[in-house]
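Quick caveat: nothing in here was measured; it's all calculated off a predicted structure.
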4 protein chains.
Amino acid sequence: MSGTRRTRGRPRDPEADEAIMKAALELFVERGLEGASIEQIAKRAGVAKVTVYRRWSSKEDLLTQAIEHARALVPEDDLWAEARPDAGRLLDSWVHTLGDARFRAVLAQLIGSSVTQPALLATYREQFIEPRRRLILAALKRARDGDDGDDDLNTVIDMVVGAAMYRMLIGPDDPEAGRDYLTGLLRQAERLLGPP
Amino acid sequence: MSGTRRTRGRPRDPEADEAIMKAALELFVERGLEGASIEQIAKRAGVAKVTVYRRWSSKEDLLTQAIEHARALVPEDDLWAEARPDAGRLLDSWVHTLGDARFRAVLAQLIGSSVTQPALLATYREQFIEPRRRLILAALKRARDGDDGDDDLNTVIDMVVGAAMYRMLIGPDDPEAGRDYLTGLLRQAERLLGPP
Amino acid sequence: MSGTRRTRGRPRDPEADEAIMKAALELFVERGLEGASIEQIAKRAGVAKVTVYRRWSSKEDLLTQAIEHARALVPEDDLWAEARPDAGRLLDSWVHTLGDARFRAVLAQLIGSSVTQPALLATYREQFIEPRRRLILAALKRARDGDDGDDDLNTVIDMVVGAAMYRMLIGPDDPEAGRDYLTGLLRQAERLLGPP
Amino acid sequence: MSGTRRTRGRPRDPEADEAIMKAALELFVERGLEGASIEQIAKRAGVAKVTVYRRWSSKEDLLTQAIEHARALVPEDDLWAEARPDAGRLLDSWVHTLGDARFRAVLAQLIGSSVTQPALLATYREQFIEPRRRLILAALKRARDGDDGDDDLNTVIDMVVGAAMYRMLIGPDDPEAGRDYLTGLLRQAERLLGPP
DNA sequence: GAATAAGCGAGACGGTACGTCCCGTCTTAGC
DNA sequence: GCTAAGACGGGACGTACCGTCTCGCTTATTC
């Protein structure tokens, strides 16, 4: 009755997919693109190497899918999915994310690997970053009645997000990049968004 | 006065140092931290592996020093070393740097490798980035007579530099991050630096 | 009856064994014990180094087995395996062997390496030399009805074989050690085996 | 006044020659041609590597000369230099030499190295072996009044010397190759030298 | 119920890099 | 000009992983 015909032979173990993607993401975060070898991924997932290769043609494919898969598991995403989310809670969420070492590790690894493998970072940007930017842009346009061009608003977003990421990725390791710093950024942004 | 006694035996070949650091930096840019193996560095430099190991105890030491060394070779640095450099030329220099794929590759790799090896990025920050920031900060303070706190000025610098780097490292690959984009950033910065 | 369970995983490639032992023997003959490095053996056999190390724990083990293996491939051995081989054909075989540069090289290398590594020569002696000596001894005893002690017969064999090898290994390089020389040796041996 | 003009600069240390040749010979005996590296020879002689290379152009040159040099130091040689040495004492000498592990090691290494480097063994043969053979041949001819050809006598010498060396170099390691064995060989030789 | 087919763990395969050691050559300072 | 010291390019060492491959076994579908 169901549309999808079952294939012949032994079916794939669905738990393996889960375990492999989990292990892949963990290793990528911990040791980067090179450190996340199929060998290690298979070992950590408790799976034979062929089992990985049968499902994904390359490490990059696997990681891309693992990133997409992981996104669906993050409950916080729901907040960003709301049409008009609460600004305070978004700030909290943003502070929380930026302070998370795991997040920093993922993003740093993605940027590093983008030199030889741009697809991963592109996936991440489209999956995580762009939706959030679009949400913020829409909120700003609502607040401003659209009297500024998108370009200017986008530049302001770039400045806020860019400063935060710059601080997190490159800036000195002082733990200053917390709520106070973000609040300062937003205060400056308000001036840019106010009347000239 | 000198007092430093020359050591016995054949002195180390200074050309080898040069060749090794050059090869190391090239490979790091091309293939990242893992791809820059001592084996390949030595081969490209036309040097025996021991010759590398004699001078540097680890790949990270080598790369750190290679980055420091490379900085001294960049003539453009002179511009930034001037007490009161010309703003237009600085902007040109900045545009040129941000548009350079090599620069992007180095910085991206450094950020990626900072997860497991923070020293490299720290060296780069202290050698390249901080001096430029200090110069800009001083210029801004001169212009503003110091009526703003350092924190605010630093935040503005973060926003400009951060936005530029964000665009270069993460942002969509459109080649928009050129002179026009930077000019837009600076225009916004002027507003932040003007009277509230 | 067999009981030997096949082990799991991919079985070892029997052609690799063959190629490795062949390459090892060739290199040993050409360049001696030291020249026959695992690195070169693997390269010549078209095989990865691990593949060698998986099978043999040391170079000496490998060469010992290679010598044993090579013996089984020499068809001439069949002649010596016959119960009552034809004396003329044995002489031909002996002349042929002594004139073979390869044979001289193997034996010379084995003797040289026996100083630091006696096992190789011992294997060779037991595999090649002793069987032939036993065969000759048996033939002599048949001919003489056993009225001499083994010691005397063995001494005569020593004298014939020893003279031939001495000529081949140490003696001046004149190509005299051919059929005439061996025939002369055997004529002298007949006198020793005849009535006193 | 004297004919030989002293050259300029510091004269070579004559003790160095001695020490180097001694060390070279020792290492050759202990570890063979490959093991007797200039590095090790210099270290054991307590001398810099250049000091060795300045005097000899190659390892083989050095060893050849070391062998020649060593011969002059062996007092036993005087016995063989006598016109009509005492047969009993010669036998003693022979037994002593064949039983000496050092002698075996030298000869075995020389034979092994002759595959790639025949000069060493040739020197040894001409310096040590041939003179002794000539002496024995002369003695036999004196005793026999020359009624046999040289060839036959040489063959008998080959058989005795060959058997002894075969036993020492290849034969089973039983310590049988002592005085009794040699005496047996000589007894057999007497039969060959007697009337047909 | 037997045949077929695909998934699975295990492990061998060729290849590359590791960091160390030693080789013979070279290039310096010091006597 | 000799000496000791030590750097040089080259190459082998034995180990560890890499991604690919090839086994025997297991599990499911199909005939």
Can [X] and [Y] be counted as an ion pair, charged N to O under 4.0 angstrom?
| X | Y | result |
| --- | --- | --- |
| A:R55 | A:D17 | yes |
| D:R44 | D:E30 | yes |
| A:E26 | A:K22 | yes |

Calculate the interatomic distance between [X] atom [atom1] and [N] atom [atom2]; express it in whole Å.
| X | N | atom1 | atom2 | result |
| --- | --- | --- | --- | --- |
| B:D61 | E:dG19 | CG | P | 12 Å |
| A:K59 | F:dT20 | NZ | C1' | 15 Å |
| B:W56 | E:dT20 | CH2 | P | 16 Å |
| A:L62 | F:dG19 | CG | C1' | 14 Å |
| C:R44 | F:dA12 | CZ | P | 12 Å |
| C:E15 | F:dC21 | CD | P | 17 Å |
| D:K43 | E:dG24 | NZ | P | 12 Å |
| B:D17 | F:dC8 | CG | C1' | 13 Å |

Keeping the roles fixed (side chain from [X], backbone from [Y]), state whether a donor-acceptor pair exists under 3.5 Å.
| X | Y | answer |
| --- | --- | --- |
| D:R102 | D:V29 | no |
| D:S113 | D:Q109 | yes |
| B:K59 | B:L33 | yes |
| B:E60 | B:A119 | no |

5' to 3', nucleotides 4-10 of chain E under a 4.0 Å protein heavy-atom cut-off (B base, S sugar-phosphate only, - none) gives SBBBBBB
Whether the D:R125 and D:S114 side chains hold a donor-acceptor pair (N or O, under 3.5 Å, no angle test) is what I'd like checked.
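No, because no side-chain N or O of D:R125 sits under 3.5 Å from a partner of the opposite role on D:S114.
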Based on the rotation axes of five pairs at each end, what angle does the helix from E:dG1-F:dC31 to E:dC31-F:dG1 bend through, to 10°?
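Nearest ten degrees gives 10° for this helix.
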Where A:A36 and A:A24 come nearest, the two heavy atoms and their spacing:
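Shortest heavy-atom separation between A:A36 and A:A24 comes out as CB-O, 4.4 Å.
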C:I20 versus C:V52, closest heavy-atom pair with distance
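Minimum heavy-atom contact is CD1-CG2, 3.9 Å.
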Test side-chain contact (heavy atoms from CB on, under 4.5 Å) on A:L63 and A:W56; report intermediate values, then the result.
CA-CA 9 Å; A:L63 280 170; A:W56 292 276; over 6 Å; no
Quick one: is A:Y53 getting a side-chain N or O under 4.0 Å of the F:dT20 phosphate, OP1 or OP2?
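True: A:Y53 side-chain N/O within range (under 4.0 Å) of F:dT20 OP1/OP2.
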Please list residues of residues 27-40 of chain C whose heavy atoms come under 4.0 Å from any atom in DNA chain E, ordered by number; otherwise none.
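Nucleic-acid contacts, sorted: none.
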